[in-house]
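Here the structure is a predicted model, which is why all the values come from computation and not from measurement.
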Amino acid sequence: MDDYTCDKKNQIRLWVWFEMERLQLVPYPLPLKGRIPNFHGSKSAAYKLCSTPEFRSATTVKIHPSLNGTALRYLALKFGKKVLTPPLPGHDFLYFLLDPCTIPPTSYKFAATKRGFNKLGTPCSALRQIPKVDLVVVATVACTSSGARVGKGKGYGEVEYGILRELGVVSQGTPVATIVHDVQIVECDMLPVDSLASHDVPVDIVCTPIAVTRTQTCIPKPAGILWDLITDQMMEDIGALKELKSMNQDCFIVT
């Protein structure tokens, strides 16, 4: 990744974090730098996403674990969707599965929280246990109306997406959505396509508390894991990478 790419993305992250704090758009946690914004109105944005045909027709929805996704995880369970959400770094599995058929409805709100899905979620202990994903919801710090998007900069969401593509449970055509505050939608010249890296995941649907934007993005989605970008720390934090690497190596064994 070149210096221009890193600098441009970091500049827009810093601008969004500063503006959202200045406008008091995030109740907690603060300071905001280095975080996915848990913005006022995230529940309204979640309802907007739930109104889309992509959500309504989905059986399984992958939702990021950040705080601003709590309402969306709850609504997904309430509307009968299976939810995949990742554990904290350091686990050897990629996702917890939250199944509304096996969780009491009175526990849906708890199950949607970080403490709840760690307690009530069922670990997908093997990558082959991950079901087909019909809608991917990614965490975002900034995005544009044309689909360019950046997260908080660690790249873990991109690794998750790459693993799902390698497994074949997500395809180029699987819709990718995000929920953000309107301030997080920036002008295209602030986050130009040429500032994105090959592993960055663009979005097809952007939901704010007041609107749904379909980006009609032409930005290609990564087709799998870019192993040369995987660090030793990522291998430790995302244990599923080791399993995937082993699976890929097994494919080349001649018997």
Side-chain angles (χ1 to χ4, degrees), residues 12-13 15-30 32 34-58 60-86 98 100 108-114 116-117 133-152 157 160-161 174-188 190-191 200-217:
I12 196 61
R13 289 185 185 105
W15 182 87
V16 168
W17 288 326
F18 175 82
E19 281 297 291
M20 295 190 81
E21 281 197 22
R22 182 181 69 84
L23 297 171
Q24 299 183 344
L25 298 175
V26 176
Y28 67 92
L30 294 170
L32 191 51
R35 304 181 192 273
I36 298 298
N38 177 36
F39 58 92
H40 289 296
S42 58
K43 185 175 181 179
S44 296
Y47 269 107
K48 288 290 186 185
L49 181 54
C50 292
S51 73
T52 64
E54 290 86 353
F55 178 89
R56 292 199 302 267
S57 65
T60 302
V61 184
K62 178 266 163 182
I63 304 175
H64 64 82
S66 299
L67 274 173
N68 79 18
T70 303
L72 181 60
R73 291 189 292 272
Y74 164 68
L75 290 172
L77 291 171
K78 180 181 176 182
F79 292 133
K81 313 298 181 185
K82 292 180 181 179
V83 175
L84 292 170
T85 195
L98 298 171
Y108 286 172
K109 284 191 175 180
F110 175 62
T113 67
K114 288 190 178 184
F117 62 67
V133 178
D134 305 299
L135 175 64
V136 175
V137 184
V138 292
T140 294
V141 171
C143 63
T144 70
S145 59
S146 63
R149 166 203 155 269
V150 291
K152 61 185 178 182
E160 270 185 66
Y161 182 85
T174 303
V176 176
T178 194
I179 58 171
V180 294
H181 193 278
D182 297 85
V183 168
Q184 293 173 259
I185 303 178
V186 301
E187 296 297 328
C188 293
M190 294 179 70
L191 185 59
D200 285 322
V201 180
V203 288
D204 303 295
I205 305 167
V206 180
C207 295
T208 74
I210 62 173
V212 176
T213 298
R214 295 184 177 280
T215 67
Q216 307 295 329
T217 188

Colleague: Closest heavy-atom contact between N38 and P27?
Modeller: O-CD, 3.1 Å
Colleague: Passes side chain to side chain contact (heavy atoms under 4.5 Å, CB included), Y161 versus V176? Steps please.
Modeller: CA-CA 10 Å; Y161 182 85; V176 176; 4.1 Å; yes
Colleague: For D182, does its backbone N or O pair with a side-chain atom of T208 as donor and acceptor, under 3.5 Å?
Modeller: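 The answer is no, because no donor-acceptor pair under 3.5 Å joins these two groups.
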Colleague: Is a side-chain N or O of S57 found less than 3.5 angstrom from the main chain of P53, in a donor-acceptor match?
Modeller: yes
Colleague: For the side chain of K81 and the backbone of P100, is there at least one donor-acceptor N/O pair under 3.5 Å apart?
Modeller: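 Side chain of K81 to backbone of P100, a donor-acceptor pair under 3.5 Å: no, none is there.
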Colleague: Please indicate whether F18 has more than 12 foreign heavy atoms, meaning atoms of other residues, nucleotides or ligands, lying under 6.0 Å from its CZ.
Modeller: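 Count not over threshold, so no.
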Colleague: Can you tell me if T178 uses its side chain to pair, donor with acceptor, with the backbone of V138 under 3.5 Å?
Modeller: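 Flag set: sc T178 to bb V138 pair under 3.5 Å.
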Colleague: Report yes if some heavy atom in the side chain of M20 is under 4.5 Å from a heavy atom in the side chain of W17; otherwise report no.
Modeller: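 Side chain of M20 against side chain of W17, heavy atoms only: no contact under 4.5 Å found.
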Colleague: Do you know the tightest heavy-atom contact between V180 and C143?
Modeller: CG2-SG, 4.3 Å
Colleague: In Å, rounded to the nearest 0.5 Å, how long is the span from NZ of K43 to CG of L75?
Modeller: 7.0 Å
Colleague: Just how far is it from atom OG1 of T174 to atom CG of L135, taken to the nearest 0.5 Å?
Modeller: 9.0 Å
Colleague: Go through the steps for I205 and R214 under the test side chain to side chain contact (heavy atoms under 4.5 Å, CB included), then give the verdict.
Modeller: CA-CA 5 Å; I205 305 167; R214 295 184 177 280; 3.8 Å; yes
Colleague: Determine whether more than 12 heavy atoms belonging to other residues, nucleotides or ligands lie under 6.0 Å from atom NZ of K109.
Modeller: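 Atom NZ in K109 is not packed in, count stays at 12 or less.
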Colleague: Looking only at heavy atoms, which two atoms of Y108 and L77 are closest? And how far apart?
Modeller: CE1-O, 3.6 Å
Colleague: Return the OG to CZ distance between S51 and R56, rounded to the nearest 0.5 Å.
Modeller: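 So the OG of S51 and the CZ of R56 are separated by 6.5 Å.
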Colleague: Rounded to the nearest 0.5 Å, how far does CD1 of I179 lie from CG of L72?
Modeller: 5.5 Å
Colleague: Do you know the tightest heavy-atom contact between A148 and L191?
Modeller: CB-O, 3.8 Å
Colleague: Quick one: does L67's side chain get under 4.5 Å of S42's, heavy atoms only?
Modeller: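 No, too far: nothing below the 4.5 Å cut-off.
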Colleague: For T140, is there any backbone N or O sitting under 3.5 Å from a side-chain donor or acceptor partner on Q184?
Modeller: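 Yes: the side chain of Q184 pairs with the backbone of T140.
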Colleague: Going by side chain to side chain donor-acceptor pair (under 3.5 Å), name the pairs with one or both residues in residues 66-75, residues two or more places apart or in two chains.
Modeller: H64-N68, T70-R73
Colleague: Please round to the nearest 0.5 Å and tell me the distance separating atom NZ of K82 and atom CG of D134.
Modeller: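 Here the interatomic distance stands at 10.5 Å.
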Colleague: Pair V141, I36 - check side chain to side chain contact (heavy atoms under 4.5 Å, CB included), show working.
Modeller: CA-CA 6 Å; V141 171; I36 298 298; 3.9 Å; yes
Colleague: Evaluate the side chain to side chain contact (heavy atoms under 4.5 Å, CB included) criterion for residues T215 and S145: first the C-alpha distance (whole Å), next the side-chain angles of each, then the deciding distance (0.1 Å), finally the verdict.
Modeller: CA-CA 5 Å; T215 67; S145 59; 5.8 Å; no
Colleague: Do you know which two heavy atoms are closest between F39 and P209, and how far apart they sit?
Modeller: CE1-CG, 4.1 Å
Colleague: Pick from V206, V203, T144: which one makes a side-chain contact (heavy atoms from CB on, under 4.5 Å) with T213?
Modeller: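 Among V206, V203, T144, the one meeting side-chain contact (heavy atoms from CB on, under 4.5 Å) with T213 is V206.
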Colleague: Say whether, by atom type as modelled, one donor and one acceptor occur between the side chain of T217 and the main chain of S146 under 3.5 angstrom.
Modeller: yes
Colleague: Please name the pair of heavy atoms, one in K62 and one in E160, separated by the smallest distance, quoted to 0.1 Å.
Modeller: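 Closest heavy-atom pair between K62 and E160: CE-OE1, 2.8 Å.
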Colleague: Checking E21 now: which residues fulfil side chain to side chain donor-acceptor pair (under 3.5 Å) with it, not counting sequence neighbours?
Modeller: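 Counting only residues at least two positions away or on another chain, E21 forms no side chain to side chain donor-acceptor pair (under 3.5 Å).
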Colleague: I'd like to know if the side chain of R13 reaches the main chain of G34, judged simply by a donor and an acceptor atom lying under 3.5 Å from each other, with no hydrogens or angles considered.
Modeller: no
Colleague: Could you check whether any side-chain N or O of R149 sits under 3.5 Å from a backbone N or O of D200, counting only pairs where one atom can act as donor and the other as acceptor?
Modeller: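 Side chain of R149 to backbone of D200, a donor-acceptor pair under 3.5 Å: no, none is there.
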Colleague: For R35, which residues count as a side chain to side chain donor-acceptor pair (under 3.5 Å) partner, sequence neighbours excluded?
Modeller: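 Checked R35 against side chain to side chain donor-acceptor pair (under 3.5 Å); zero matches.
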Colleague: Hey, does the side chain of K152 reach the backbone of A139 with a donor-acceptor pair shorter than 3.5 angstrom?
Modeller: no
Colleague: Which value, rounded to the nearest 0.5 Å, describes the distance between I63 atom CD1 and L49 atom CG?
Modeller: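 These two atoms lie 8.0 Å from each other.
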